[in-house]
Each structure stands twice: as structure tokens, then as C-alpha cells.
Amino acid sequence: MIADLHTHTNASDGILRPHELVSRAKLHGVELLAITDHDTTDGIIEAQLTAQKEKIAFVAGIEFSCQWQGKGIHIVGLNIDIRNAQLQEAIAKQKATRQARAELIAERLAKAGFDGTLEGAKAIAGNAEIGRPHFAQFMVEKGFVRSAEQAFKRYLGNGKIGDVKQGWPEFDEIAPVIRTAGGRAVLAHPDKYKLTRSKLRVCLADFVAAGGEGIEVISGQQTPNITRNMAQLCERFNLLASCGSDFHHPNAGWQALGRCGKLPEDLMPVWHDWENLPVH
Ligand code: AMP
Ligand code: MN
Ligand code: MN
Ligand code: MN
């Protein structure tokens, strides 16, 4: 099964419209797709309609911004019922947090000598959930930095002035909401947090205690070594295995749609009991 269970549309910080993403996934041979925009389900209905037309198996998803021990950690919710009231309540709260956070990011950037970033980032985000990538793009357009990569490295990335995490919920606020909405909570891209191996184990133990059920054993195009390590953690914590490209835009080769490789055979995939999947 070629599954891609972590992708972004222009409802958050991706480039493609939901219907474009679904069609592109189909074209690239994806058999099971989830859209997991940051803190919003706004792209899901359009995607579901296109998936029906294109005959590609699709589940609704979301990527929740959380924090754990002062670090920004992402939890993906898969196969959720987007009409669930508690889920939408949690999303409304995230939206408010995102707005307040954008103001704080702009204030901090202003102190560093960069003016007008709130208005600039908002204009770029449009109807999408505003995030650091919109600030990065504005800073590139203004010539404050050479590239988005540089904006993150200097001002927006882990531990930099624009890395605002306060306000994001802890795992135990989010994992139960995902479950209530009929979905599964999956720890996103565990290798990306720069946690030591022992810290990552503590993080996973807390995640499981909060109701987490899965882990992304594969995120994008990663080395076999990382896959082995993540597979070990998956087994150790008795978790279900997920995989996703974390696709945002067509030009980022290491996050190409559907290119996340096959999960190790001995793991139980997160989709093992989902209905209406293609037969293999
Ligand atoms: P936010 O949702 O505001 O916390 O922004 C997080 C998003 O920024 C991630 O989902 C990525 O899409 C993007 N991002 C994080 N780190 C980098 C980086 N070093 N370069 C480019 N984009 C990044
Ligand atoms: Mn993103
Ligand atoms: Mn993420
Ligand atoms: Mn993502």
C-alpha cells in the first residue's frame, strides 16, 4: 500500500489547494491519503469530494501544535470525524492561540529591527492559518533574509526569537480530543525534535499515557537508520506505525507526495482496521 498520511494544503502552510493536492497524489500513485493541515480541517471537505471523484482512499486528518517540556511537538490526528463538536472546539482554541502568537512573533521581530511583519505575514496567509512560514516568506520578499531557510535558522526556528510555543496545549489536552472524534493520535516526525534518545522515550511514554496510539516511523525521505530507530520505538511502546511525506509544496524533493517508502513489515500500520481501503 502506498500511503501518505501527512500532507499540507493552502488551508495552512502548503501551496496547493486541497483538490489539487488530491489529484496530484492520485497521479503519483498514492493509494491512501490523509490531509493534515496545521490546526485546521478547512481543506477536508473539498479534498473528500475530489477523492471520491478520483477514486483514491482518503481519511480526514489534522496536525495539532502542542508543547512538551517547553518544546514544540506535533501530533497528527488521523481518520477523524471533522463534525465532532469537541474537535472543532479545540480547533477554535488553536486558531485563537495562533493569532495571539503571530502578534507576539511580530513584536519580537520588531525588536530585532524588522517592522511590519504581522501585516505582511497576514497578507501572505490570506484565509490560511497563519504560521512561521508566512513570516519567513515575508522576510524573504522584503530582503530581510536570503531564503526561508535562513529566516528559520536565524529568527524563527527552534530556540530563536520567533519560536513562540507558549499557548500550545499539552498532549493530554489533544490526544483525547482526537480519540473523541473517532481518530488516532500519532506523534509526528519524531526524529525532527532534536531530542536525545532517552528524552524521546520519555516523550513517547507521556504521549502514550495521554492516549497516543501511533508514531510516524517514516517522515519524508529519511535514512534507513532513522527508520530502524523509529521502528524500534514503535515496537517498544506498542504503537501503530504511520508514514507521511509532510508535503508542503511540489519543489521540496525530500517531501515529495507519496514518497515515504514502505513501513517495515513487522509493524502494525495505523490503517490496519480502517474500512474501505484498497485490497492488497
Ligand atoms: P508553525 O506552524 O508556525 O509553528 O510553523 C511550523 C512550520 O514551519 C512547519 O510545519 C514547517 O512547515 C515550517 N518549518 C519549520 N522549520 C523550518 C525550516 N527550518 N525551514 C523551512 N520551513 C520550516
Ligand atoms: Mn508546515
Ligand atoms: Mn510538523
Ligand atoms: Mn506537517
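Counting starts at 1 for both ligands and their atoms, in listed order.
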Item checked: Atom nearest to the Mn ion (ligand 2) - Asp13, N, O or S atoms considered -> OD2

Item checked: Student check: side-chain heavy atoms of Lys160 and Lys153 closer than 4.5 Å -> no

Item checked: Heavy-atom side-chain contact between Phe247 and His8 under 4.5 Å -> no

Note to self: What is the name of the N/O/S atom of His74 that is nearest to the Mn ion (ligand 3)?
What the structure shows: ND1

Item checked: Of the N, O or S atoms in Glu63, the one nearest the Mn ion (ligand 3) -> OE2

Item checked: Close aromatic pair by centroid cut-off 6.0 Å: Tyr155 and Phe114 -> yes

Next item on the list: Please step through salt bridge (charged side-chain N to carboxylate O under 4.0 Å, His left out) for the pair Lys122 and Glu103, ending with a clear verdict.
Entry: CA-CA 10 Å; Lys122 272 191 172 165; Glu103 284 168 29; 5.0 Å; no

Notebook entry, point to check: Between Gln99, Lys95, Arg98, His134, which is the residue that forms a side-chain hydrogen bond (donor to acceptor under 3.5 Å, both in side chains) with Glu129?
Noted result: Lys95

Notebook entry, point to check: Is any N, O or S atom of His38 under 2.8 Å away from the Mn ion (ligand 3)?
Noted result: no

Check: From the Mn ion (ligand 3) out to just under 2.8 Å, does an N/O/S atom of His6 turn up?
Finding: no

Margin query: Closer than 2.8 Å to the Mn ion (ligand 2): does that hold for any N, O or S atom in His248?
Written below: yes

Check: Charged N to carboxylate O under 4.0 angstrom, Glu173 versus Lys93?
Finding: yes

Which atom pairs, nitrogen or oxygen on both sides, join ligand 1 and the protein at under 3.5 angstrom?
from, atom 1, to, atom 2, distance (Å)
ligand 1, 2 (O), Arg98, NH1, 3.3
ligand 1, 2 (O), Arg98, NH2, 3.0
ligand 1, 3 (O), Arg101, NH1, 2.9
ligand 1, 3 (O), Arg101, NH2, 3.2
ligand 1, 3 (O), Arg132, N, 2.7
ligand 1, 4 (O), Arg101, NH2, 2.8
ligand 1, 4 (O), Arg132, NE, 3.2
ligand 1, 4 (O), Arg132, NH2, 2.8
ligand 1, 10 (O), His38, NE2, 2.9
ligand 1, 12 (O), Asp13, OD2, 3.0
ligand 1, 12 (O), His248, NE2, 2.9
ligand 1, 19 (N), Glu149, OE2, 3.3
ligand 1, 20 (N), Glu149, OE1, 3.3

Next item on the list: Nearest 0.5 Å please: distance from the CH2 atom of Trp271 over to the CG atom of Leu78.
Entry: 10.0 Å

Next item on the list: Kindly compute the distance separating CG (Leu204) from CG (Leu187), expressed to the nearest 0.5 Å.
Entry: 5.5 Å

Next item on the list: Apply the test salt bridge (charged side-chain N to carboxylate O under 4.0 Å, His left out) to residues Asp273 and Arg184: give CA-CA distance (whole Å), side-chain angles for both, the deciding distance (0.1 Å), then the verdict.
Entry: CA-CA 12 Å; Asp273 57 354; Arg184 288 203 163 118; 2.9 Å; yes

